[in-house]
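In what follows, a single structure is set out as structure tokens and then discussed.
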Amino acid sequence: MNRALRLIGRRAISSIPVLLIVVIGTFFLLELASGDAVDAYLVSIGGGDAALIEHLRQSYGLDQSALTRLWIYVSSLARLDLGWSVAFNRPIAGLILERLPNTLYLMGSATALAFVFGTALGILAGARPGSLGDRLLSIGSLALYAVPSFWLGLVLSVVFAVQLRWLPTSGIETIASGKQGLERALDIIRHLVLPVSALAMIYLALFLRLMRAGMAEIWRLDFVRAARAKGLTRARIVLRHVARNALLPVITMLGLQAASMLGGSVVIESVFAIPGFGRLAQEAVSARDAPLLMGIIVVSAVLVIVVNMLIDLVYAVLDPRVGASEAAS
Amino acid sequence: MSALARFRRSPEGVIGLALLTVLALAALLAPLLFPGDPLRIAGPPLLTPFTDPALPLGTDRLGRNVLAGLVHGARASLIVGLAAALVAVAIGSLVGTLAGFAGGLVDEALMRVVDAFQIVPGFLLALAFVSVLQPTLPVVVTAIALGAWTGPARLARAEVLSIRERDYVAAARIIGMHPLEIALREILPNALPPVLALSAVIVAGAILTEAALSFLGLGDPNIVTWGSMIAEGRAVLRSAPYLSIVPGIALVLTVIGTYLLGEGLAAMLSRRERQA
């Protein structure tokens with residue numbers, strides 16, 4: 001366990017400069033915008049006099065130079081303060097924390113489903129590379145992987161929500177239903193079935209392909225021949241020797257996909273009107289709320305770092321070689 | 001066996017090439033097949049497909065010709081997909097080659113920047129980039145490339161690290177070739193093939209990202225794209241779902257074609273490597 005903790009510690013320290021690059025880069029990118037949050041706010045309230053504009057700029061600190069504001073931003077970030085959203089008129093950290101759980105449910109369940117079914121089907125395809133079953137699964141997964149998530153979401157909602165009326169079209173729960181406890185949880189699950197399926201189907205295709213490709217490589221290795229020579233049953237070779245070794249790159253991909261999943265939440269949450277993190281990003285863009293967009297990007301970068309640390313931990317448990325050299329020294 | 005023959009023997013590659021050829025032809029001939037602005041009104045609104053021979057796929061909510069939009073949309077998808085991938089691969093292989101060849105502090109600094117780009121969701125970055133600047137075609141292309149160049153950069157660096165230890169590079173150094181010349185003339189051309197094999201995936205990803213951006217209304221408003229057509233159709237999803245479904249099918253076929261072509265190219269490259 002000590003070995004894993006040391007790994008995490010090293011990872012955390014090395015991600016600080018990377019996070020700093022993200023913060024500085026995003027800050028100057030958003031500086032390029034013509035007009036600031038105050039301009040956007042003035043448009044939304046129908047304009048204001050010069051004194052009000054001056055007062056607003058001062059209260060948001062927008063009258064300072066860019067470097068001063070960057071310094072203020074970074075130092076308040078160190079205190080976990082993400083600043084104030086002009087569009088929502090409340091602290092950004094609270095706003096993001098409120099929206100994040102919905103996205104984490106969505107992403108978590110989609111990833112779990114995609115991982116389980118994707119690797120299972122991948123093992124099925126990779127058990128006999130080149131067989132008819134393998135070819136069908138490979139072609140099917142390729143086609144599925146080419147489907148844009150937002151379009152799949154729309155098609156699913158046309159079929160299951162509009163035509164068959166089995167499931168709700170949008171939202172995270174029935175509004176003002178007064179449901180509590182288990183009833184409310186079931187209501188949320190019903191709302192999440194379509195968006196989760198849309199996402200899971202696409203990522204399932206990715207995991208299937210990766211698992212299959214990994215297994216196809218491993219079949220050629222010597223230890224598989226040795227296992228065969230020992231007279232092991234085919235099922236045992238497939239599961240214990242081939243699939244097990246092909247699983248590691250799939251787990252790495254799980255971490256690499258974290259960023260693209262968070263990005264994908266923007267469109268899928270917009271299709272199903274789920275008040276989550278991704279939808280907040282879209283709202284920040286349409287309200288021209290640069291501090292909010294900045295906060296969203298910084299938080300998503302932190303999330304990606306955390307997910308990858310967890311993946312490292314899993315890796316350290318699964319593969320005894322990882323981090324062994326550092327632990328020895 | 002020549003490279004071309006190897007490509008022809010992979011059924012994936014041939015099907016992919018055929019799909020993309022049809023699309024490229026549609027994209028090239030769009031101004032001839034459907035002259036004029038595809039965004040103009042061509043008939044009555046919400047005309048059902050297959051009822052009017054002049055408007056075979058019907059019209060949308062505003063009476064615009066769906067088939068014309070589809071054909072012109074192929075242009076936007078292919079141009080943005082190819083351009084974004086080109087920019088991403090160019091930046092990526094340049095940065096990767098530089099990092100791998102220079103080593104030391106330069107390598108360290110460049111790779112931290114690559115890390116930074118990798119932990120920010122590419123789509124969020126594209127969203128921020130397009131919203132800050134104006135949604136024109138070059139801006140959309142750059143926005144997509146920003147989220148896609150890290151893959152080629154890492155791959156190019158890894159290739160360079162393995163190539164720079166080979167004998168012919170040592171030979172070039174001994175005959176006194178300038179380091180920059182070695183990097184560009186000896187190392188880069190040899191590091192490039194695996195990076196190019198990756199580019200089909202990048203083109204496909206770029207096409208999907210462009211569609212998602214224009215679906216959210218962040219594409220160039222003066223160009224028809226499949227993403228914006230899907231978004232347009234959402235308003236009448238209950239009464240005329242085909243308006244969203246048809247451009248989506250075009251999108252899926254394009255991306256499948258790109259993947260298949262990529263597999264064919266990869267098969268072509270990998271067999272050559274195995275012979276060597």
Side-chain angles (χ1 to χ4, degrees), chain A residues 14-15 17-26 29-34 139 142-143 145-152 154-155 157-159 162-163 169 256 258-267 270-271 278 281-282 284-286 288 290 293-294 296-298 300-305 308, chain B residues 12 108-109 111-134 146-147 151 201 204-205 207-209 211-213 215-218 226-227 230-231 233-234 237-239 241-242 244-245 247-249 251-260 263:
Chain A
S14 69
S15 41
V18 178
L19 202 58
L20 209 60
I21 297 177
V22 170
V23 171
I24 295 171
T26 316
L29 169 65
L30 296 179
E31 273 303 298
L32 291 174
S34 54
I139 292 170
L142 186 94
Y145 196 51
V147 176
S149 62
F150 62 92
W151 182 74
L152 186 60
L154 282 177
V155 172
S157 88
V158 165
V159 176
V162 177
Q163 305 280 340
T169 47
L256 291 177
S260 91
M261 275 220 156
L262 270 178
S265 76
V266 181
V267 264
S270 137
V271 168
Q282 205 203 343
V285 165
S286 54
R288 300 198 149 274
L293 193 56
M294 173 98 192
I296 288 170
I297 291 180
V298 171
S300 61
V302 172
L303 272 177
V304 172
I305 292 176
N308 279 293
Chain B
E12 290 98 344
E108 188 67 23
M111 290 325 280
R112 288 299 81 77
V113 173
V114 169
D115 284 344
F117 271 91
Q118 265 180 332
I119 60 167
V120 174
F123 192 72
L124 277 184
L125 187 61
L127 208 66
F129 194 78
V130 174
S131 75
V132 161
L133 304 167
Q134 294 304 311
L146 278 180
V201 179
I207 291 174
L208 288 174
T209 309
L213 278 176
F215 175 73
L216 292 180
L218 285 165
W226 292 335
I230 296 173
R234 260 186 94 183
L237 197 62
R238 283 163 195 276
S239 52
Y242 54 87
S244 283
I245 291 177
I249 292 174
L251 200 52
V252 171
L253 286 178
T254 310
V255 177
I256 289 181
T258 314
Y259 282 142
L260 289 175
E263 294 216 335

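It should be emphasised that the depicted structure is a prediction, and the values quoted were computed from it without experimental measurement. Heavy-atom basis, side chains included; hydrogens, waters and symmetry copies ignored. All chains are named by letter (A, B, ...) in the order of the sequence lines, taking the proteins before the strands, and each is independently numbered beginning at 1.
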Sidechain-backbone polar pair: B:Arg234 side chain, A:Val271 backbone, donor-acceptor under 3.5 Å = yes
Interatomic distance, OG@A:Ser149 vs CZ@B:Phe215, rounded to 0.5 Å, equals 9.0 Å
In this structure, CG of B:Leu251 is separated from CH2 of A:Trp151 (nearest 0.5 Å) by 8.5 Å
Considering non-hydrogen atoms only, spot the tightest contact between B:Pro121 and A:Ala259 and give its length.
-> CB-O, 3.2 Å
Going by heavy atoms in the side chains, are A:Val162 and B:Pro241 under 4.5 Å from each other?
-> no
Chain B contact via A:Leu29 - side chain, backbone, both or neither, heavy atoms under 4.5 Å = both
Most heavy-atom pairs under 4.5 Å with chain A, out of B:Gly217, B:Ala211, B:Gly122, B:Gly227, belong to B:Ala211
Measure the spacing between CD of B:Glu263 and CG of A:Leu142 and express it to the nearest 0.5 Å.
-> 5.5 Å
Relative to chain B, which of A:Gly263, A:Ala284, A:Pro17 shows the most heavy atom pairs under 4.5 Å?
-> A:Gly263
For the candidates B:Thr209, B:Thr258, B:Val113, B:Ile249, which exhibits the highest count of non-hydrogen atom pairs separated by less than 4.5 Å from chain A?
-> B:Ile249
What part of B:Ala128 gets closer than 4.5 Å to chain A, counting heavy atoms only: side chain, backbone, both or neither?
-> both
Contact part of A:Ser15 toward chain B, heavy-atom cut-off under 4.5 Å: side chain, backbone, both or neither?
-> neither
Which residues satisfy the salt bridge (charged side-chain N to carboxylate O under 4.0 Å, His left out) test with B:Arg112, sequence neighbours excluded?
-> B:Glu108, B:Asp115
Over all atoms of both residues, closest heavy-atom pair of B:Leu208 and A:Ala146 = CD2-O, 3.8 Å
Side chain / backbone / both / neither for B:Leu253 at chain A, heavy atoms under 4.5 Å | neither
One should read off an interatomic distance between A:Ser265 OG and B:Leu124 CG, to the nearest 0.5 angstrom, of 7.0 Å
Begin from the C-alpha positions of A:Val285 and B:Val130 and carry the test side-chain contact (heavy atoms from CB on, under 4.5 Å) through to its verdict.
-> CA-CA 9 Å; A:Val285 165; B:Val130 174; over 6 Å; no
Atom group of B:Val114 that falls short of 4.5 Å from chain A, counting heavy atoms = neither
Before giving the answer on side-chain contact (heavy atoms from CB on, under 4.5 Å), spell out for A:Val158 and B:Ser244 the whole-Å C-alpha distance, their side-chain angles and the decisive distance to 0.1 Å.
-> CA-CA 10 Å; A:Val158 165; B:Ser244 283; over 6 Å; no
Which atoms of B:Phe117 come close to chain A, meaning under 4.5 Å heavy atom to heavy atom: side chain ones, backbone ones, both, or neither?
-> neither
Could you look at A:Val147 and say if it's the side chain, the backbone, both or neither that has a heavy atom under 4.5 Å from chain B?
-> both
Between B:Val252 and A:Ala143, what is the shortest heavy-atom contact and its length?
-> CG1-O, 4.3 Å
If you measure from OG1 on A:Thr26 to CG on B:Leu125, what distance do you get to the nearest 0.5 Å?
-> 7.5 Å
Select one option (side chain, backbone, both, neither) describing which atoms of B:Gln118 are under 4.5 Å from chain A's heavy atoms.
-> backbone
